[in-house]
Amino acid sequence: MQKDDERLVHSRGEEFLQVFKKGAEFTQDLLRENERLRYRLLELEKCQLVGEAAPASELTKLSERIADLEREKQEILDRIKQVEEENQDFAARYIEIEDENNNLANLYIASYQLHSTLDFKEVLQIITEIIINLIGAEEFAILLLDEKSDELQAVSTEGVERSEIPVVRLGKGIIGGVAQSGESHFAADCDAYERDFNAPMVCIPLKIKEHVIGVLAIYKLLMQKKEFAAVDYELFTLLAGHAATAIFSSRLYSDSERKLSTIQGFIDLLTK
Amino acid sequence: MSDYNVLIVEDSPTMRQLIAFALKRIRGVRIVEANDGVDGLKKLSSERFDLILTDINMPIMDGLKLVSLVRNDANYKAIPIVVITTEGAQEDRERALALGANDYITKPIQPTKILDVAKGLLRIV
(Lines give C-alpha, C1' and ligand atoms only; values in the text may rest on other atoms or scores of the structure.)
Protein backbone atom coordinates (compact mmCIF):
# COMPACT_ATOMS: atom_id res chain seq x y z
CA MET A 1 0.00 0.00 0.00
CA GLN A 2 2.73 2.35 0.94
CA LYS A 3 4.66 1.25 -2.17
CA ASP A 4 1.67 1.97 -4.27
CA ASP A 5 1.42 5.39 -2.77
CA GLU A 6 5.09 6.03 -3.37
CA ARG A 7 4.77 4.84 -6.97
CA LEU A 8 1.77 7.13 -7.40
CA VAL A 9 3.61 10.07 -5.90
CA HIS A 10 6.61 9.27 -8.05
CA SER A 11 4.41 9.00 -11.12
CA ARG A 12 2.68 12.25 -10.27
CA GLY A 13 6.06 13.89 -9.72
CA GLU A 14 7.21 12.63 -13.08
CA GLU A 15 4.06 14.01 -14.72
CA PHE A 16 4.54 17.32 -12.95
CA LEU A 17 8.14 17.41 -14.07
CA GLN A 18 7.08 16.71 -17.63
CA VAL A 19 4.45 19.43 -17.50
CA PHE A 20 6.98 21.77 -15.93
CA LYS A 21 9.51 21.00 -18.68
CA LYS A 22 6.91 21.59 -21.35
CA GLY A 23 5.95 24.81 -19.60
CA ALA A 24 9.62 25.82 -19.56
CA GLU A 25 9.99 24.96 -23.26
CA PHE A 26 6.80 26.87 -24.06
CA THR A 27 8.10 29.84 -22.11
CA GLN A 28 11.39 29.59 -24.00
CA ASP A 29 9.44 29.51 -27.30
CA LEU A 30 7.41 32.51 -26.24
CA LEU A 31 10.55 34.41 -25.30
CA ARG A 32 12.12 33.58 -28.69
CA GLU A 33 8.96 34.60 -30.49
CA ASN A 34 8.88 37.77 -28.45
CA GLU A 35 12.49 38.46 -29.38
CA ARG A 36 11.76 37.80 -33.09
CA LEU A 37 8.73 40.05 -33.06
CA ARG A 38 10.63 42.83 -31.33
CA TYR A 39 13.36 42.53 -33.93
CA ARG A 40 10.74 42.60 -36.68
CA LEU A 41 9.14 45.64 -35.08
CA LEU A 42 12.47 47.38 -34.98
CA GLU A 43 13.04 46.51 -38.61
CA LEU A 44 9.61 47.85 -39.57
CA GLU A 45 10.18 51.04 -37.61
CA LYS A 46 13.49 51.42 -39.35
CA CYS A 47 11.89 50.81 -42.75
CA GLN A 48 9.16 53.28 -41.96
CA LEU A 49 11.72 55.91 -41.12
CA VAL A 50 13.58 55.23 -44.38
CA GLY A 51 10.24 55.13 -46.25
CA GLU A 52 9.25 58.53 -44.97
CA ALA A 53 12.62 60.07 -45.73
CA ALA A 54 12.83 58.67 -49.35
CA PRO A 55 9.64 60.25 -50.83
CA ALA A 56 10.69 63.66 -49.52
CA SER A 57 13.96 63.64 -51.50
CA GLU A 58 12.27 61.94 -54.47
CA LEU A 59 9.56 64.58 -54.40
CA THR A 60 12.17 67.31 -54.52
CA LYS A 61 13.86 65.59 -57.44
CA LEU A 62 10.54 65.15 -59.21
CA SER A 63 9.60 68.79 -58.57
CA GLU A 64 12.90 69.88 -60.04
CA ARG A 65 12.35 67.58 -63.03
CA ILE A 66 8.86 69.04 -63.53
CA ALA A 67 10.28 72.54 -63.36
CA ASP A 68 12.94 71.58 -65.92
CA LEU A 69 10.32 70.06 -68.19
CA GLU A 70 8.11 73.13 -67.83
CA ARG A 71 11.06 75.30 -68.79
CA GLU A 72 11.81 73.07 -71.78
CA LYS A 73 8.14 73.15 -72.78
CA GLN A 74 8.12 76.94 -72.61
CA GLU A 75 11.32 77.09 -74.66
CA ILE A 76 9.79 74.76 -77.26
CA LEU A 77 6.60 76.85 -77.36
CA ASP A 78 8.67 80.02 -77.78
CA ARG A 79 10.65 78.36 -80.57
CA ILE A 80 7.44 77.22 -82.28
CA LYS A 81 6.12 80.78 -82.05
CA GLN A 82 9.37 82.10 -83.48
CA VAL A 83 9.31 79.51 -86.31
CA GLU A 84 5.68 80.41 -87.08
CA GLU A 85 6.62 84.09 -87.26
CA GLU A 86 9.56 83.19 -89.51
CA ASN A 87 7.20 81.12 -91.67
CA GLN A 88 4.86 84.07 -92.00
CA ASP A 89 7.79 86.26 -92.97
CA PHE A 90 8.88 83.67 -95.54
CA ALA A 91 5.33 83.43 -96.92
CA ALA A 92 5.12 87.22 -97.23
CA ARG A 93 8.58 87.31 -98.80
CA TYR A 94 7.57 84.52 -101.20
CA ILE A 95 4.56 86.56 -102.34
CA GLU A 96 6.77 89.63 -102.77
CA ILE A 97 9.30 87.64 -104.82
CA GLU A 98 6.49 86.11 -106.86
CA ASP A 99 5.15 89.61 -107.62
CA GLU A 100 8.63 90.83 -108.41
CA ASN A 101 9.14 87.84 -110.68
CA ASN A 102 5.89 88.56 -112.50
CA ASN A 103 6.80 92.22 -112.88
CA LEU A 104 10.23 91.30 -114.22
CA ALA A 105 8.65 88.87 -116.67
CA ASN A 106 6.29 91.62 -117.86
CA LEU A 107 9.15 94.09 -118.19
CA TYR A 108 11.23 91.51 -120.04
CA ILE A 109 8.42 90.77 -122.51
CA ALA A 110 7.74 94.46 -123.01
CA SER A 111 11.41 95.23 -123.77
CA TYR A 112 11.76 92.08 -125.89
CA GLN A 113 8.72 93.07 -127.96
CA LEU A 114 9.95 96.66 -128.34
CA HIS A 115 13.22 95.48 -129.84
CA SER A 116 11.74 92.67 -131.91
CA THR A 117 11.17 94.82 -134.98
CA LEU A 118 12.70 97.69 -136.93
CA ASP A 119 9.42 98.69 -138.50
CA PHE A 120 8.35 102.12 -137.21
CA LYS A 121 4.60 101.46 -137.36
CA GLU A 122 5.06 98.11 -135.67
CA VAL A 123 7.08 99.73 -132.87
CA LEU A 124 4.28 102.24 -132.30
CA GLN A 125 1.78 99.35 -132.28
CA ILE A 126 3.83 97.47 -129.69
CA ILE A 127 4.11 100.57 -127.48
CA THR A 128 0.33 100.94 -127.75
CA GLU A 129 -0.20 97.30 -126.78
CA ILE A 130 2.10 97.65 -123.79
CA ILE A 131 0.31 100.77 -122.60
CA ILE A 132 -3.12 99.13 -122.90
CA ASN A 133 -2.30 95.62 -121.70
CA LEU A 134 0.31 96.30 -119.06
CA ILE A 135 -0.41 99.80 -117.82
CA GLY A 136 -4.16 99.79 -118.43
CA ALA A 137 -4.59 103.12 -120.21
CA GLU A 138 -7.61 103.73 -122.42
CA GLU A 139 -6.86 107.11 -123.98
CA PHE A 140 -3.34 108.20 -124.79
CA ALA A 141 -1.05 109.63 -127.47
CA ILE A 142 2.55 109.22 -128.52
CA LEU A 143 4.03 112.56 -129.55
CA LEU A 144 7.41 112.86 -131.28
CA LEU A 145 9.65 115.90 -131.34
CA ASP A 146 10.55 117.51 -134.64
CA GLU A 147 13.98 118.90 -133.90
CA LYS A 148 13.86 121.34 -136.81
CA SER A 149 10.67 123.05 -135.73
CA ASP A 150 11.00 122.22 -131.98
CA GLU A 151 7.42 120.98 -132.02
CA LEU A 152 5.83 117.87 -130.61
CA GLN A 153 3.26 116.15 -132.80
CA ALA A 154 1.14 113.04 -132.22
CA VAL A 155 2.20 110.05 -134.33
CA SER A 156 -0.09 107.50 -132.72
CA THR A 157 -3.20 107.69 -130.55
CA GLU A 158 -5.56 105.31 -128.80
CA GLY A 159 -9.10 106.15 -127.75
CA VAL A 160 -8.84 109.69 -129.17
CA GLU A 161 -8.45 111.07 -132.68
CA ARG A 162 -4.95 112.10 -133.67
CA SER A 163 -6.34 115.42 -134.87
CA GLU A 164 -7.58 116.16 -131.33
CA ILE A 165 -4.04 116.17 -129.95
CA PRO A 166 -2.55 119.65 -130.25
CA VAL A 167 0.87 120.35 -131.72
CA VAL A 168 2.96 121.53 -128.78
CA ARG A 169 6.05 123.74 -128.83
CA LEU A 170 9.06 122.53 -126.84
CA GLY A 171 8.95 123.99 -123.35
CA LYS A 172 5.29 125.03 -123.58
CA GLY A 173 2.74 123.66 -121.14
CA ILE A 174 3.01 120.29 -119.40
CA ILE A 175 3.81 118.31 -122.58
CA GLY A 176 6.40 120.81 -123.80
CA GLY A 177 7.84 121.08 -120.29
CA VAL A 178 8.25 117.31 -119.95
CA ALA A 179 9.91 117.15 -123.39
CA GLN A 180 12.32 119.93 -122.41
CA SER A 181 13.15 118.81 -118.86
CA GLY A 182 13.02 115.06 -119.41
CA GLU A 183 11.14 114.71 -116.11
CA SER A 184 7.89 112.71 -115.91
CA HIS A 185 4.64 114.38 -114.92
CA PHE A 186 1.88 112.71 -112.89
CA ALA A 187 -1.44 114.36 -112.02
CA ALA A 188 -1.81 114.78 -108.26
CA ASP A 189 -5.15 112.92 -108.13
CA CYS A 190 -6.06 110.46 -110.89
CA ASP A 191 -9.72 110.31 -109.73
CA ALA A 192 -10.19 114.07 -109.87
CA TYR A 193 -8.41 114.43 -113.21
CA GLU A 194 -10.49 115.82 -116.09
CA ARG A 195 -9.32 115.25 -119.62
CA ASP A 196 -7.32 118.13 -121.03
CA PHE A 197 -5.25 117.43 -124.17
CA ASN A 198 -2.74 120.08 -123.13
CA ALA A 199 -2.43 118.73 -119.60
CA PRO A 200 -2.38 114.93 -119.61
CA MET A 201 -2.89 112.78 -116.50
CA VAL A 202 0.55 111.28 -117.04
CA CYS A 203 3.27 112.53 -119.34
CA ILE A 204 6.42 110.46 -119.79
CA PRO A 205 9.42 111.62 -121.80
CA LEU A 206 10.73 109.18 -124.42
CA LYS A 207 14.45 109.66 -124.10
CA ILE A 208 17.69 108.08 -125.22
CA LYS A 209 20.05 108.82 -122.36
CA GLU A 210 19.27 112.51 -121.80
CA HIS A 211 18.09 113.20 -125.33
CA VAL A 212 14.28 113.47 -125.48
CA ILE A 213 12.75 112.32 -128.78
CA GLY A 214 9.11 112.63 -127.75
CA VAL A 215 6.56 112.05 -125.00
CA LEU A 216 3.83 109.64 -124.05
CA ALA A 217 0.68 111.43 -122.86
CA ILE A 218 -2.00 109.43 -121.00
CA TYR A 219 -5.47 110.98 -120.70
CA LYS A 220 -7.63 108.19 -119.31
CA LEU A 221 -7.19 104.83 -117.58
CA LEU A 222 -9.37 101.73 -118.10
CA MET A 223 -12.45 101.88 -115.85
CA GLN A 224 -11.20 98.93 -113.75
CA LYS A 225 -7.82 100.61 -113.25
CA LYS A 226 -8.27 102.99 -110.34
CA GLU A 227 -4.68 103.96 -109.60
CA PHE A 228 -1.10 103.32 -110.63
CA ALA A 229 0.72 100.34 -109.19
CA ALA A 230 4.43 100.28 -108.31
CA VAL A 231 5.16 98.28 -111.46
CA ASP A 232 3.59 101.02 -113.60
CA TYR A 233 6.34 103.46 -112.65
CA GLU A 234 8.92 100.84 -113.65
CA LEU A 235 7.04 100.38 -116.92
CA PHE A 236 7.08 104.13 -117.48
CA THR A 237 10.84 104.15 -116.89
CA LEU A 238 11.20 101.24 -119.30
CA LEU A 239 9.06 102.98 -121.88
CA ALA A 240 11.05 106.16 -121.45
CA GLY A 241 14.20 104.29 -122.43
CA HIS A 242 13.41 101.22 -124.52
CA ALA A 243 10.47 102.67 -126.42
CA ALA A 244 12.55 105.71 -127.34
CA THR A 245 15.42 103.51 -128.56
CA ALA A 246 13.03 101.31 -130.52
CA ILE A 247 11.37 104.36 -132.14
CA PHE A 248 14.71 105.95 -132.90
CA SER A 249 16.21 102.74 -134.36
CA SER A 250 13.17 101.96 -136.47
CA ARG A 251 13.09 105.52 -137.85
CA LEU A 252 16.79 105.38 -138.61
CA TYR A 253 16.34 101.99 -140.27
CA SER A 254 13.35 103.18 -142.32
CA ASP A 255 15.33 106.26 -143.43
CA SER A 256 18.38 104.19 -144.40
CA GLU A 257 16.15 101.68 -146.22
CA ARG A 258 14.54 104.53 -148.13
CA LYS A 259 17.93 106.02 -148.97
CA LEU A 260 19.25 102.60 -149.98
CA SER A 261 16.28 102.06 -152.24
CA THR A 262 16.86 105.52 -153.82
CA ILE A 263 20.55 104.78 -154.33
CA GLN A 264 19.65 101.35 -155.74
CA GLY A 265 17.26 103.11 -158.14
CA PHE A 266 20.08 105.38 -159.31
CA ILE A 267 22.44 102.45 -159.73
CA ASP A 268 19.82 100.52 -161.68
CA LEU A 269 19.23 103.59 -163.85
CA LEU A 270 22.95 104.02 -164.53
CA THR A 271 23.75 100.37 -165.14
CA LYS A 272 20.75 99.34 -167.21
CA MET B 1 3.91 64.53 -123.77
CA SER B 2 2.30 67.57 -122.12
CA ASP B 3 -0.28 67.25 -119.36
CA TYR B 4 -2.34 70.27 -120.38
CA ASN B 5 -3.00 71.82 -123.77
CA VAL B 6 -3.94 75.49 -123.57
CA LEU B 7 -5.15 77.64 -126.46
CA ILE B 8 -4.57 81.41 -126.33
CA VAL B 9 -6.72 83.36 -128.77
CA GLU B 10 -5.48 86.96 -128.92
CA ASP B 11 -4.60 89.32 -131.75
CA SER B 12 -1.82 91.13 -129.83
CA PRO B 13 1.50 89.21 -129.91
CA THR B 14 2.65 91.06 -126.78
CA MET B 15 -0.46 90.01 -124.93
CA ARG B 16 -0.14 86.41 -126.16
CA GLN B 17 3.42 86.32 -124.92
CA LEU B 18 2.44 87.78 -121.55
CA ILE B 19 -0.30 85.19 -121.07
CA ALA B 20 1.95 82.37 -122.27
CA PHE B 21 4.70 83.50 -119.89
CA ALA B 22 2.28 83.42 -116.96
CA LEU B 23 0.90 79.98 -117.90
CA LYS B 24 4.34 78.45 -118.32
CA ARG B 25 4.60 78.43 -114.54
CA ILE B 26 2.27 75.44 -114.66
CA ARG B 27 4.27 72.26 -115.02
CA GLY B 28 3.48 70.24 -118.12
CA VAL B 29 1.55 72.94 -119.95
CA ARG B 30 1.71 73.24 -123.74
CA ILE B 31 0.58 76.49 -125.31
CA VAL B 32 -0.90 76.99 -128.75
CA GLU B 33 -1.49 80.55 -129.98
CA ALA B 34 -4.19 81.79 -132.35
CA ASN B 35 -4.54 85.29 -133.85
CA ASP B 36 -8.34 85.51 -133.77
CA GLY B 37 -11.54 83.50 -133.35
CA VAL B 38 -11.34 81.81 -136.77
CA ASP B 39 -7.72 80.81 -136.21
CA GLY B 40 -8.76 79.56 -132.78
CA LEU B 41 -11.51 77.35 -134.22
CA LYS B 42 -9.04 75.99 -136.77
CA LYS B 43 -6.62 75.04 -134.00
CA LEU B 44 -9.49 73.54 -131.97
CA SER B 45 -10.41 71.23 -134.84
CA SER B 46 -6.89 69.86 -135.13
CA GLU B 47 -6.21 68.90 -131.50
CA ARG B 48 -7.70 68.49 -128.05
CA PHE B 49 -7.48 71.41 -125.58
CA ASP B 50 -7.94 71.55 -121.82
CA LEU B 51 -8.40 75.31 -121.57
CA ILE B 52 -9.06 78.29 -123.84
CA LEU B 53 -8.09 81.88 -123.00
CA THR B 54 -9.53 84.45 -125.37
CA ASP B 55 -9.64 88.18 -125.90
CA ILE B 56 -12.94 89.82 -126.90
CA ASN B 57 -11.93 92.51 -129.39
CA MET B 58 -10.26 90.77 -132.33
CA PRO B 59 -10.47 91.09 -136.11
CA ILE B 60 -12.38 88.57 -138.28
CA MET B 61 -14.06 86.80 -135.34
CA ASP B 62 -14.29 88.25 -131.84
CA GLY B 63 -13.97 86.36 -128.58
CA LEU B 64 -17.67 86.34 -127.69
CA LYS B 65 -18.56 84.70 -131.01
CA LEU B 66 -15.85 82.12 -130.35
CA VAL B 67 -17.24 81.42 -126.86
CA SER B 68 -20.71 80.98 -128.31
CA LEU B 69 -19.51 78.61 -131.07
CA VAL B 70 -17.43 76.52 -128.69
CA ARG B 71 -20.31 76.17 -126.23
CA ASN B 72 -22.71 75.10 -128.97
CA ASP B 73 -20.40 72.43 -130.35
CA ALA B 74 -20.76 69.04 -128.68
CA ASN B 75 -17.08 68.28 -129.30
CA TYR B 76 -15.76 71.35 -127.46
CA LYS B 77 -18.50 72.43 -125.09
CA ALA B 78 -16.76 70.93 -122.03
CA ILE B 79 -13.58 72.96 -122.54
CA PRO B 80 -13.31 75.75 -119.93
CA ILE B 81 -13.01 79.24 -121.40
CA VAL B 82 -11.49 82.34 -119.81
CA VAL B 83 -12.11 85.76 -121.34
CA ILE B 84 -9.28 88.28 -120.93
CA THR B 85 -10.29 91.77 -122.02
CA THR B 86 -10.03 95.52 -121.56
CA GLU B 87 -13.84 95.71 -121.18
CA GLY B 88 -14.35 96.23 -117.48
CA ALA B 89 -18.09 96.96 -117.40
CA GLN B 90 -20.30 94.58 -115.42
CA GLU B 91 -22.65 94.03 -118.39
CA ASP B 92 -19.72 92.86 -120.55
CA ARG B 93 -18.73 90.38 -117.86
CA GLU B 94 -22.31 89.13 -117.50
CA ARG B 95 -22.69 88.80 -121.25
CA ALA B 96 -19.52 86.74 -121.58
CA LEU B 97 -20.47 84.51 -118.65
CA ALA B 98 -24.01 84.09 -120.04
CA LEU B 99 -22.56 82.92 -123.33
CA GLY B 100 -20.66 80.22 -121.48
CA ALA B 101 -17.31 81.67 -120.41
CA ASN B 102 -16.10 80.15 -117.14
CA ASP B 103 -14.21 83.21 -115.96
CA TYR B 104 -13.63 86.84 -116.91
CA ILE B 105 -10.34 88.67 -116.36
CA THR B 106 -9.84 92.34 -117.11
CA LYS B 107 -6.68 94.08 -118.32
CA PRO B 108 -4.14 95.32 -117.35
CA ILE B 109 -2.83 91.81 -117.23
CA GLN B 110 -2.01 90.30 -113.83
CA PRO B 111 -0.03 87.07 -114.20
CA THR B 112 -0.99 85.77 -110.75
CA LYS B 113 -4.69 86.19 -111.53
CA ILE B 114 -4.33 84.33 -114.84
CA LEU B 115 -2.35 81.60 -113.12
CA ASP B 116 -4.91 81.20 -110.31
CA VAL B 117 -7.86 81.04 -112.70
CA ALA B 118 -6.08 78.61 -115.06
CA LYS B 119 -5.05 76.35 -112.18
CA GLY B 120 -8.59 76.35 -110.87
CA LEU B 121 -10.12 75.41 -114.21
CA LEU B 122 -7.45 72.79 -114.90
CA ARG B 123 -8.10 71.45 -111.39
CA ILE B 124 -4.50 71.81 -110.32
CA VAL B 125 -4.07 71.93 -106.52
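Please read these numbers as outputs of a predicted model, since none were measured by experiment. Labels below follow one simple rule: chain letters A, B, ... track the order of the sequence lines, proteins then strands, and each chain is numbered from 1.
Of the residues B/Lys113, B/Arg25, B/Gln110, the one that meets the side-chain contact (heavy atoms from CB on, under 4.5 Å) test with A/Asn102 is B/Arg25.
A/Leu134 touches chain B through backbone and side chain together, each having a heavy atom under 4.5 Å away. Of the atoms belonging to B/Ala89, heavy atoms from both backbone and side chain fall under 4.5 Å from chain A. For A/Asn101, the parts lying near chain B are the backbone and the side chain together; criterion is any non-hydrogen pair under 4.5 Å.
More than 12 heavy atoms of other residues, nucleotides or ligands sit less than 6.0 Å from atom CZ of A/Phe120. Open room surrounds OH on A/Tyr112; 12 or fewer heavy atoms of other groups in view lie less than 6.0 Å from it. Counting heavy atoms of neighbouring residues, nucleotides and ligands inside a 6.0 Å radius, atom CD of A/Glu86 exceeds 12 of them. Atom OH of B/Tyr4 is surrounded by more than 12 heavy atoms from other residues, nucleotides or ligands within 6.0 Å. The local environment of CD in A/Glu161 is sparse, with at most 12 non-hydrogen atoms from other residues, nucleotides or ligands closer than 6.0 Å. A 6.0 Å sphere centred on CD of A/Glu227 holds no more than 12 heavy atoms belonging to other residues, nucleotides or ligands. Taking a 6.0 Å sphere around CZ of B/Arg71, one finds it holds more than 12 heavy atoms contributed by other residues, nucleotides or ligands.
In this structure, CD1 on A/Ile132 lies 13.0 Å from CD1 on B/Ile109, to the nearest 0.5 angstrom. Taking CG of A/Leu222 as the reference point, atom OG1 of B/Thr86 lies at 6.0 Å (rounded to 0.5 Å).
Side-chain atoms of B/Ser12 and A/Asn133, non-hydrogen and from C-beta on, do get closer than 4.5 Å to each other. With a 4.5 Å cut-off on side-chain heavy atoms, B/Pro108 and A/Ile135 do not count as touching.
Between B/Pro13 and A/Gln113, the shortest heavy-atom contact is O-NE2, 4.1 Å. For the residue pair B/Thr14 and A/Ile126, the shortest heavy atom distance occurs at OG1-CG2, 4.2 Å.
Checking side-chain atoms of A/Gln224 against main-chain N and O of B/Thr106 turns up no donor-acceptor pair under 3.5 Å.
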